[in-house]
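Below is one structure, written out as structure tokens; comments come after it.
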Amino acid sequence: MGSGMPRSQFGKPMIGVASSFTDLIAGHVGMRDLERYVEKGVHAGGGYPFIFGVPGICDGIAMGHFGMRYSLPSRELIADMVESTARAHALDGLVLITNCDKITPGMLMAAARLDIPAIVVTAGPMMSGNLKGRKLSFVRDTFEAMAHTQAGDMSLEDMTDCESEACPSCGSCQGLYTANTMACLTEALGMSLTDCGTTLAVASKKRHIAYESGMRVVDLVREEITPRKILTPQAFDNAIRLDLALGGSSNTILHLCAIARETGYELAMERFDELSRTTPQLCYLRPAGDHFMEDLDAAGGVKAVMRRLVESLEQSPSVGKLSVADTAAKVQWLDEEVIRPVTDPVRKEGGIAILKGNLAPDGAVVKQSGVSEEMMQFTGTAVCFEGEDDAMKAIMDGDIHAGQVVVIRYEGPKGGPGMPEMLAPTAALMGMGLGDSVALITDGRFSGGTRGPCIGHVSPEAAAGGPIALIEDGDKIELDIPARSLTLKVSQEELAERRARLSVPEARKLSGWLARYAKLVTSADTGAVLEG
């Protein structure tokens, strides 16, 4: 009563509306509007809504400084906060309003852990920017513009204009970066209503979806349809196939493995590679291609891509009234330019590949959708850095040259800690004209905006004594993506000698949350989840 809930509403399903609204993130500033529409929908459906907040971190803002080390760890905090609020207040169901990189998987982890009826509303992509008739995306154009300016290929005035025009509205970054990839995969998992994954943040249709989600969650409560009935192994296979067909972010491996673990299903990252062998890449969106999320949405969105894959989809329920496969089967029209036919794909294999070898015994990840044909097989000379900052300085100072492999280590889940993204150095390599002549290998991870021969998630990480810690300047490293191999061309005897004399860099002085996280986090190949 003290909260304002009328006595007449007692007995109705109590629906928590978890909102990651914040003025700090472009992808989230429009959520106040979505909260209103979800509330209306819950009331119309016969429930009673209660809004509560969770924090959000924007990787684009956190990029390139110490704050990036908090991004992946925030996923665990968000899951814990949603769990705590829902359990403490005995909520009957949840609507999860989210958008950016770690927030969506954190909320899905909570939904799977709680296993009370839940539905996700992703707030939607941003409109493309425009400068002198050229469409812009924030991540690809502005980050690479800095390196172009440094290389003398762009004026400071043009770079400033690019920055000013690249973000014209609210919404998540305009290409197939991690936020939008996860939004699409949430729909493919069956946890969002149809079209939620691609509908733009500024579209009235997004409000309609929010309203319908509010109504639908009350039905889910009454029908006792909970996330673990939806998040089946078959649902994860469907989501992985979509990811591969889209050419999406490599971060999805961390997140899908972590979400699956909350359901009791141990999803191995090798599953991505197994499905990649039989799932063609059908879309060529930014950062590697030139289509934007608005183009994918106009082409029919997630359901249209899945229509191409319908013969290989598994039957799995969704929060809607139809299964994901049945929804896909109903699609009548497909834009062949944006969503290529299976018989004429962008690539014959999916967008992600898992590499193994003596450099990464437990695996490493490459977004092969962003790698040029000439760099699919490459042997180069190692140049080693004990962290991102030194590597970035060397790239911007012109100290990196064709034929080299930039090795950035001690940036894994424990060593970072937090496995910071390496968008700045990868964008700098592209901007400096080295994208087709230099590879980058790290135990950290990459932004969904990364393109080029960039291998991340190297496991075990350097801080855990992985072979990446043993590489020395001048070593030859062989990358063979078609063969799925990553090889350090050094004998086992020499590596044993190096291990015996290994000098580990002084650990970063940590306190608070990051110190606790570094002690508890597992390896990247298991999703970088917390144990203990």
[X] side chain near [Y] side chain, heavy-atom distance below 4.5 Å:
X	Y	answer
C184	T198	yes
L94	F52	yes
Q174	P168	yes
Y177	P287	yes
I481	V371	yes
D290	D295	no
L355	V366	yes
D443	H457	no

Restricting to non-hydrogen atoms, name the atom on [X] and the atom on [Y] that form the minimum distance, rounded to 0.1 Å.
X	Y	answer
R228	D115	N-OD1, 2.9 Å
L244	F272	CD1-O, 3.8 Å
C170	A201	O-CB, 3.8 Å
E388	A424	OE2-CB, 4.0 Å
L108	T186	CD1-OG1, 3.5 Å
L193	S213	CD1-OG, 3.5 Å

Next on the checklist: Between R286 and S137, is the side chain to side chain donor-acceptor pair (under 3.5 Å) condition met? List the steps.
Outcome noted: CA-CA 8 Å; R286 291 219 166 187; S137 65; 3.1 Å; yes

Item to check | Full working for side chain to side chain donor-acceptor pair (under 3.5 Å) between T98 and S20 | outcome: CA-CA 6 Å; T98 173; S20 54; 4.5 Å; no

Checklist entry - Where do S19 and E35 land on the side chain to side chain donor-acceptor pair (under 3.5 Å) test, with the steps shown first? => result CA-CA 7 Å; S19 173; E35 291 168 7; 2.4 Å; yes

Item to check | V319 vs I230, side-chain contact (heavy atoms from CB on, under 4.5 Å): CA-CA, chis, key distance, verdict | outcome: CA-CA 8 Å; V319 292; I230 295 169; 3.6 Å; yes

Return yes if some donor-acceptor pair links the side-chain N/O of [X] with the main-chain N/O of [Y] below 3.5 Å, else return no.
X	Y	result
E187	T194	no
D273	I354	yes
T442	I408	yes
T526	T522	no
S523	P460	no
T22	I25	no
Q368	G370	no
S249	N251	yes
S276	I352	yes
N238	E314	yes

Between the side chains of [Y] and [X], is the shortest nitrogen-to-carboxylate-oxygen separation below 4.0 Å, so that they form an ion pair?
X	Y	answer
K356	E270	yes
R32	D23	no
D33	R36	yes
E294	K135	yes
K102	D59	yes
E411	R69	yes
R516	E76	no
D237	R241	no

Gap between atom [atom2] of [Y] and atom [atom1] of [X] - 0.5 Å precision:
X	Y	atom1	atom2	result
L96	T122	CG	OG1	11.0 Å
M422	C454	CE	SG	11.0 Å
L282	L246	CG	CG	8.5 Å
L72	M419	CG	CE	7.0 Å
F446	I455	CZ	CD1	7.0 Å
M81	S74	CE	OG	9.0 Å

Next on the checklist: Tell me if the CE atom of M14 is crowded by more than 12 foreign heavy atoms within 6.0 Å.
Outcome noted: yes

Checklist entry - What do the steps show when you test R75 against D80 for salt bridge (Lys or Arg N to Asp or Glu O under 4.0 Å), and what is the final call? => result CA-CA 9 Å; R75 184 188 71 182; D80 290 350; over 6 Å; no

Item to check | Derivation and outcome, side-chain contact (heavy atoms from CB on, under 4.5 Å), residues F236 and L231 | outcome: CA-CA 7 Å; F236 284 99; L231 295 172; 4.1 Å; yes

Item to check | S318-S323 side chain donor-acceptor pair, cut-off 3.5 Å | outcome: no

Checklist entry - Hey, mind stepping through D362 and S459 against side chain to side chain donor-acceptor pair (under 3.5 Å) and telling me if it holds? => result CA-CA 5 Å; D362 293 337; S459 302; over 6 Å; no

Next on the checklist: Evaluate V324 against M306 for side-chain contact (heavy atoms from CB on, under 4.5 Å), listing each step before the verdict.
Outcome noted: CA-CA 8 Å; V324 171; M306 299 193 84; 3.5 Å; yes

Checklist entry - How far apart are the C-alpha atoms of R207 and Y37, what are their side-chain angles, what is the distance that settles it, and do they pass the side-chain contact (heavy atoms from CB on, under 4.5 Å) test? => result CA-CA 6 Å; R207 281 80 185 149; Y37 280 87; 3.5 Å; yes

Checklist entry - Of I240, L185, I259, which is the lone residue that meets side chain to side chain contact (heavy atoms under 4.5 Å, CB included) with T252? => result L185

Next on the checklist: Before you tell me yes or no, could you show the steps for E349 and R484 under salt bridge (Lys or Arg N to Asp or Glu O under 4.0 Å), namely the whole-Å CA-CA distance, both residues' side-chain angles and the distance that decides it to 0.1 Å?
Outcome noted: CA-CA 12 Å; E349 292 186 342; R484 302 297 199 262; 2.9 Å; yes

Next on the checklist: By the definition salt bridge (Lys or Arg N to Asp or Glu O under 4.0 Å), identify the one residue from R261, K519, K414 that meets it with E531.
Outcome noted: R261

